[in-house]
Amino acid sequence: MKKTFPWSRRRALTIAAALAACTLGGAHAQGAWPGTQPIKLVVPFTAGSGTDIVARLVAEKLGPALGTSVIVDNRPGAGGTLGAAIAAKAPADGYTLLVHSAGHLVNPWIYKGLSYDTLKDFTGVTPMASLPNVLVTAPSHFADVKDLVAKAKAKPGGLNYGSAGNGSATHMNAEVFRLAAGVDAQHVPFRGTPEAMTEVMAGRVDWFFAPMVSALPLIKSGKLKALAVGTAGRSSALPDAPTTVEAGVPGSAYLFWVGLFAPAKTPQPVVERLQAEVAKIMVSPELKERLEKLGAEPFTMPSAQFNKFIADETAKAQQVVKAAAIKVD
């Protein structure tokens, strides 16, 4: 004889089974990330840029830490907005991430009609490193910072300076310096750092605030001349180079950093796992040593703190953009 249960008991058993299935399914879903599927780090600048170098250092260690492969996908152009748009539209599943610089927070103020919202379409995972920019010129161009400023003032609008794109961190550093020095010069944006440095070495561009990680080998080989670093303090990689403030331009210090972002709505456990793994990588003795040789330093913080930092820095970026009248050329 078939055994029957009262309706209430059958309902209770059904609910219990459903809850068990959800629990198992949820555990499976959480355990599945990242599985064997590769993780892509979209870098919106060319290979060899400061942002790209940091991304590749992290990718090399992050893959083994997560048990999968991590690849770098360079998508340069439009001050980093092209790559950012690709990452913003990617599924929020932890498999497509964005490695961007401080310039990411500038773009909303200079690019009209962006297909993404910097604050709403991304969540900050963690900053990864702070990188001093170094003011470089062709070896015979200027004696020092005072010479550069004097020549620029003697010929308003006659000199030019490069950047890795409109609104990039290299551009912002240059504008902070230019405003503080009170000089007028022509901005020449490039697709990335390597292109800008090539033009500086050739003498067709007068100066450039290059990421230390990119410029250091060329400085040591004598192909570029370092006039000063753009940070508040000197760099251990170039201890003899003064800061721009020490060189006579007060108010010209600028912090250039590179950070990891994920599309908004990426599951919080994924964000937290990424933040924890990247933070461990950045402070590991091996990576700290490699960063130090490049003039960079580890710079990490929890996701919630990073998102507060992003909001504050975005507001500061708006002020610089307005003061310098930065716009897309």
Side-chain angles (χ1 to χ4, degrees), residues 30-31 33-45 47-74 87 94-102 104 122-134 169 193 211-217 220 229 231-239 255-262 266-310:
Q30 292 178 7
W33 186 91
T36 58
Q37 184 173 336
I39 294 172
K40 180 167 62 178
L41 303 183
V42 176
V43 175
F45 301 105
S49 64
T51 304
D52 175 76
I53 290 172
V54 172
R56 291 180 187 279
L57 287 175
V58 171
E60 181 183 325
K61 300 296 182 183
L62 185 59
L66 295 175
T68 188
S69 60
V70 177
I71 60 175
V72 174
D73 182 15
N74 295 93
Y95 292 106
T96 300
L97 307 170
L98 176 69
V99 177
H100 213 317
S101 70
H104 184 46
F122 289 98
T123 184
V125 177
T126 181
M128 299 191 291
S130 61
L131 302 85
N133 281 328
V134 55
T193 291
M212 181 76 76
V213 294
S214 304
L216 196 57
K220 290 184 175 180
V229 293
T231 45
R234 292 200 180 197
S235 169
S236 59
L238 285 175
L255 176 63
F256 175 28
W257 51 267
V258 171
L260 181 65
F261 300 81
T266 297
Q268 191 60 29
V270 173
V271 172
E272 292 175 358
R273 174 79 187 280
L274 284 166
Q275 191 280 331
E277 296 295 349
V278 171
K280 285 191 291 186
I281 290 169
M282 300 313 298
V283 299
S284 66
E286 179 186 351
L287 206 70
K288 286 178 70 175
E289 182 179 357
R290 293 174 71 177
L291 287 173
E292 185 176 346
K293 290 180 179 178
L294 297 170
E297 296 180 358
F299 178 39
T300 65
M301 63 180 72
S303 176
Q305 185 179 345
F306 185 33
N307 280 297
K308 175 64 167 58
F309 174 82
I310 289 169

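One-based numbering along the sequence shown. The structure displayed is predicted, hence computed values, not measured ones.
Without hydrogens or angle criteria, T266 side chain to G94 main chain gives no donor-acceptor distance under 3.5 Å. Side-chain N or O atoms of T126 include none that pairs as donor or acceptor with a backbone N or O of Q275 at under 3.5 Å. For the pair S303 (side chain) and G124 (backbone), a donor-acceptor distance under 3.5 Å is present.
Note that the CD atom of E286 and the CD1 atom of I281 stand 10.5 Å from one another [nearest 0.5 Å]. Atom OG1 of T51 and atom CZ of F256 lie 4.5 Å apart (nearest 0.5 Å). Note that the CG atom of L98 and the CG atom of L260 stand 8.0 Å from one another [nearest 0.5 Å]. In this structure, CD1 on I53 lies 10.5 Å from CG on L291, to the nearest 0.5 angstrom. Atoms NZ and CG, from K280 and L62 in turn, are 10.5 Å apart once rounded to the nearest 0.5 Å. Note: Q37 CD to L66 CG = 12.5 Å, rounded to the nearest 0.5 Å.
What you find for V213 and A296 is that their closest heavy atoms are CG1-CB, 4.1 Å. In plain terms, the two heavy atoms of G295 and M212 that are nearest each other are CA-CG, 3.8 Å. Shortest non-hydrogen contact noted between S49 and S214 is C-OG, 3.4 Å. The shortest non-hydrogen separation linking L41 to A59 is CD1-CB, 4.0 Å. Pairing each heavy atom of A87 with each of T96, the nearest pair is CA-CG2, 4.4 Å. Scanning both residues, T68 and G35, for their nearest heavy atoms gives CB-O, 3.5 Å.
With a 4.5 Å cut-off on side-chain heavy atoms, R234 and P239 do not count as touching. Under the 4.5 Å side-chain criterion, counting only non-hydrogen atoms from C-beta, V271 is in contact with T123. At least one side-chain heavy atom of L131 sits less than 4.5 Å from a side-chain heavy atom of V258. The closest side-chain heavy-atom distance from F45 to S101 is below 4.5 Å. Counting only heavy atoms from C-beta outward, the side chains of N133 and P211 approach each other to under 4.5 Å. The shortest distance between side-chain heavy atoms of S235 and V134 does not fall below 4.5 Å. Residues S284 and K61 fail the side-chain proximity criterion, which asks for heavy atoms closer than 4.5 Å. Side-chain contact between L97 and L274: present, with at least one pair of heavy atoms (C-beta onward) separated by less than 4.5 Å.
When the side chain to side chain contact (heavy atoms under 4.5 Å, CB included) test is applied to A65, the partners found at least two apart in sequence or on another chain are E277. In terms of the side-chain hydrogen bond (donor to acceptor under 3.5 Å, both in side chains) criterion, residue partners of E60 (sequence neighbours excluded) are, by chain and number, R290.
Here the two rings, on F122 and H104, have centers that are under 6.0 Å apart. Ring to ring, F306 and F261 are close: their centroids are under 6.0 angstrom apart.
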Would you please test L287 and L57 for side-chain contact (heavy atoms from CB on, under 4.5 Å) and show each step?
-> CA-CA 8 Å; L287 206 70; L57 287 175; 4.0 Å; yes
Could you check M128 against V99 for side-chain contact (heavy atoms from CB on, under 4.5 Å), going step by step and ending with a plain yes or no?
-> CA-CA 9 Å; M128 299 191 291; V99 177; 3.5 Å; yes
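Within the structure, salt bridge (charged side-chain N to carboxylate O under 4.0 Å, His left out) contacts touching residues 292-303 (residues at least two apart or in different chains) are E289-K293.
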